[in-house]
Every structure is written in C-alpha cells, then in structure tokens.
There are 2 protein chains.
Amino acid sequence: MDLERSIAALNNPARRRILEWLKDRSNFPPALPEHADLDGVCVAYIQEKAKLSQSTISNYMGLLKQAGFVVAERHGQWTFYRRDEENIRAFLTAVQDELLKP
Amino acid sequence: MDLERSIAALNNPARRRILEWLKDRSNFPPALPEHADLDGVCVAYIQEKAKLSQSTISNYMGLLKQAGFVVAERHGQWTFYRRDEENIRAFLTAVQDELLKP
DNA sequence: TCCATAAATCGAGATATCTCGATTTATAGT
DNA sequence: ACTATAAATCGAGATATCTCGATTTATGGA
C-alpha cells in the first residue's frame, strides 16, 4: 500500500472518473461475445468514453494499476482492466488511519 | 467539500506530515504562556519541525486551509493553525463515497 | 508470411507544482 | 513614530505532470 502513489493516481479528475465508470460494466459498450465471461473493460472502450487519446488512457491505466486500484488481464490483443475492490478498500483504510489515528 | 482541492492538498508528503503532527500539540515546542488557552500551532513552530522555508510553510498552510483540513485563528501577530476534525471526516466520507458507492 | 487491430512505449511542448529568498503587510511594544 | 517579530505575498528557477501524435510491440487471422 503505497499511499504516495495512490494519492497521486487519484489526483486527476479523468482517472477518478474512470474508476467510477468501472464500478459498472454497463457504463461501456457491451463486450464482444468471446469476452462475455470477463468483467473487465478494454482500453479502447475507456478511451472512447473518456475522450482522451489512446496513449493517455494507456498511461492512466498503468498509473491506476501501479496504485493498486485496478488489475489488468490480457486476453489476446486486448487488455481488460477492472477495479481491485480489495485494494481500494485497503487504500481507504490507510488514508483513514493516516488522517485520523492518534 | 471540494474533493479536487483536498486531494491535491494531500498529494504532498510534507503537508501530510504536518497534518499528522497537528494531531498532537506536544509534537511542537510548548506554547507561550499567553497562548496557553489556544490549541493551534503557529507557523514558526511548524516551519522549524518541517525544516522548510517560512514562505513554503505559509503557502502549505494556506493550501491545507483551503482544502478544509485546518482552520486558522489569528491572535496578534501569530496565526495558529489547528486541524478541522469535522471537515477531515467529511473528506474521508466523500472519498469513500466516490470510490465505493454504486 | 503479411496485414490488421489493440495496447504500450517514446519524445515533446504546455502547464502546474515545488520550493526558495526577497519583499510586503500586520501587529505589538518602546 | 520607530523597531522588532510573525506571517503572507511575490517572483522565479527547477522539477513534475498532462496530454498528445508517432512509433513500436504483441497478437490473431487470411
């Protein structure tokens, strides 16, 4: 749990929005039939929704991944990103401790 | 509750450390007798502890204040800063909501 | 093997943050 | 009025972040 890195990753409205969108797969276009079993979202879909360039989104997803907020799973040419709920909760606990613990 | 501003204020190790130090007045030199009733800490004490310049600390305290993490109270030539526990809790709730709420 | 598509990496200009020393403002005491 | 002290503001150089388009890498299909 690297607070530094996590807070930096959150310090950007687009990245926070992406994390929110990922709460619900239906914020994105339906998955291809062959990906129906995966609950992640590919970079292209995120890019389309965020209206930022492909390289920017790829970079952002990398930062969110390093921060522990998402996990990436590669399937063929696609990389599917989804939230890491456990790590997100761990982050919240860490911030709470840092801000409130005596 | 301006999340943007609050997260930006937290996105700096020195500022986070200051917020931690302010949890306990005894992290700083004892107050002057005439300030014994106040529980805030003056800029000079924070500066000494943080080993950063006076202008940097003044700037940082301004950011923490705008973010709602501290309140300032002026007494004569001194400005005393102390944590705003209620706002800090409000921030934590807001982050939690942003990260977890469906 | 060749082509098409998805994503990652690279390089760069624009913008923002960090941090400082110098200056200014506010207040208190003589 | 003058001096001293505390804090805020100003101006600037160094460093980091943002975001892009171009290129490269990885994979799958004809």
Side-chain angles (χ1 to χ4, degrees), chain A residues 2-19 22 28-35 38 40-67 69-82, chain B residues 2-19 22 28-35 38 40-67 69-82:
Chain A
D2 181 350
L3 253 197
E4 186 64 27
R5 209 174 263 265
S6 302
I7 292 176
L10 281 190
N11 191 32
N12 177 290
R15 287 193 295 264
R16 288 199 304 276
R17 245 178 288 128
I18 292 171
L19 274 184
L22 288 176
F28 302 93
L32 299 176
E34 63 266 38
H35 300 141
L38 302 167
V41 178
C42 67
V43 171
Y45 284 2
I46 300 172
Q47 182 200 345
E48 188 188 347
K49 177 119 182 157
K51 293 182 202 308
L52 288 168
S53 75
Q54 185 265 322
S55 63
T56 296
I57 296 300
S58 181
N59 173 18
Y60 281 10
M61 297 318 291
L63 294 175
L64 289 172
K65 188 173 113 184
Q66 283 176 40
F69 292 127
V70 301
V71 290
E73 199 171 326
R74 185 133 210 190
H75 280 253
Q77 23 182 181
W78 290 274
T79 305
F80 294 88
Y81 288 97
R82 63 172 191 279
Chain B
D2 181 351
L3 252 198
E4 185 64 26
R5 207 173 265 263
S6 301
I7 292 175
L10 281 190
N11 192 32
N12 175 291
R15 287 193 293 266
R16 288 200 303 277
R17 246 177 287 129
I18 291 171
L19 274 185
L22 287 176
F28 301 93
L32 299 177
E34 63 265 39
H35 300 140
L38 302 167
V41 178
C42 66
V43 171
Y45 283 3
I46 300 171
Q47 182 200 345
E48 188 187 347
K49 179 122 182 153
K51 291 184 203 307
L52 289 168
S53 76
Q54 185 266 321
S55 63
T56 297
I57 296 301
S58 180
N59 174 19
Y60 281 10
M61 297 317 292
L63 295 174
L64 289 172
K65 187 173 115 184
Q66 283 176 43
F69 292 129
V70 300
V71 290
E73 199 171 328
R74 183 133 210 190
H75 280 254
Q77 22 182 185
W78 289 274
T79 304
F80 294 88
Y81 286 97
R82 64 173 191 278

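Reminder, nothing fancy here: chain letters follow the sequence lines and each chain counts from 1. In what follows, every heavy atom counts, from backbone to side chain, and hydrogens, waters and symmetry copies are set aside. Computed from a predicted structure; not experimentally measured.
A:S55 comes within contact range of at least one nucleobase, with a heavy-atom separation under 4.0 Å. Within the nucleic acid shown, A:F80 has no heavy atom closer than 4.0 Å to any nucleic acid atom.
Computed from coordinates, the B:W78 CH2 to D:dA8 C1' distance equals 16 Å when rounded to whole Å. Taking atom CG of residue B:L52 and atom P of nucleotide C:dC18, one finds them 11 Å apart after rounding to whole Å. As rounded to whole Å, 6 Å separates atom C1' of D:dA6 from atom CD of B:Q77. Straight-line distance from the CD atom of A:E48 to the P atom of C:dA7: 12 Å, rounded to whole Å. The distance from atom CZ of B:R5 to atom C1' of C:dA16 is 14 Å, rounded to the nearest whole Å. Remark: C1' of C:dG29 and CD of B:E34 are 12 Å apart, rounded to the nearest angstrom. In this structure, the CG atom of A:L32 is 13 Å from the C1' atom of D:dG28, given to the nearest Å. Nucleotide C:dT17 holds its C1' atom 16 Å from the CD1 atom of A:I7, rounded to whole Å.
At least one side-chain nitrogen or oxygen of B:R15 sits closer than 4.0 Å to the OP1 or OP2 atom of C:dC18. Considering only side-chain N and O atoms, A:S58 lies under 4.0 angstrom from the phosphate OP1 or OP2 of C:dA8. Residue B:N59 places none of its side-chain N or O atoms closer than 4.0 Å to OP1 or OP2 of D:dT9. Remark: A:Y81 is in phosphate contact with C:dA8, judged by side-chain N or O atoms under 4.0 Å from OP1 or OP2. Taking only side-chain nitrogens and oxygens, A:T56 comes nearer than 4.0 Å to OP1 or OP2 of D:dC20.
The CD1 atom of B:I57 sits 10.5 Å away from the OH atom of B:Y81 when rounded to the nearest 0.5 Å.
The closest side-chain donor-acceptor pair between B:T56 and B:S53 falls under 3.5 angstrom.
Closest contact between the side chain of B:R74 and the listed nucleotides C:dA26, C:dA7, C:dC20 involves C:dA26.
Of the possible polar contacts, one joining the B:S6 side chain to the B:D2 backbone as a donor-acceptor pair under 3.5 Å is found.
Looking only at side-chain heavy atoms (C-beta outward), B:V70 and B:R82 stay at 4.5 Å or farther from each other.
Enclosure of atom NZ in B:K65 is not indicated, since only 12 or fewer non-hydrogen atoms of other residues, nucleotides or ligands lie within 6.0 angstrom.
Map A:Q54 and A:A14 each onto its nearest nucleotide of DNA chain D; the residue landing nearer the 5' end is A:A14.
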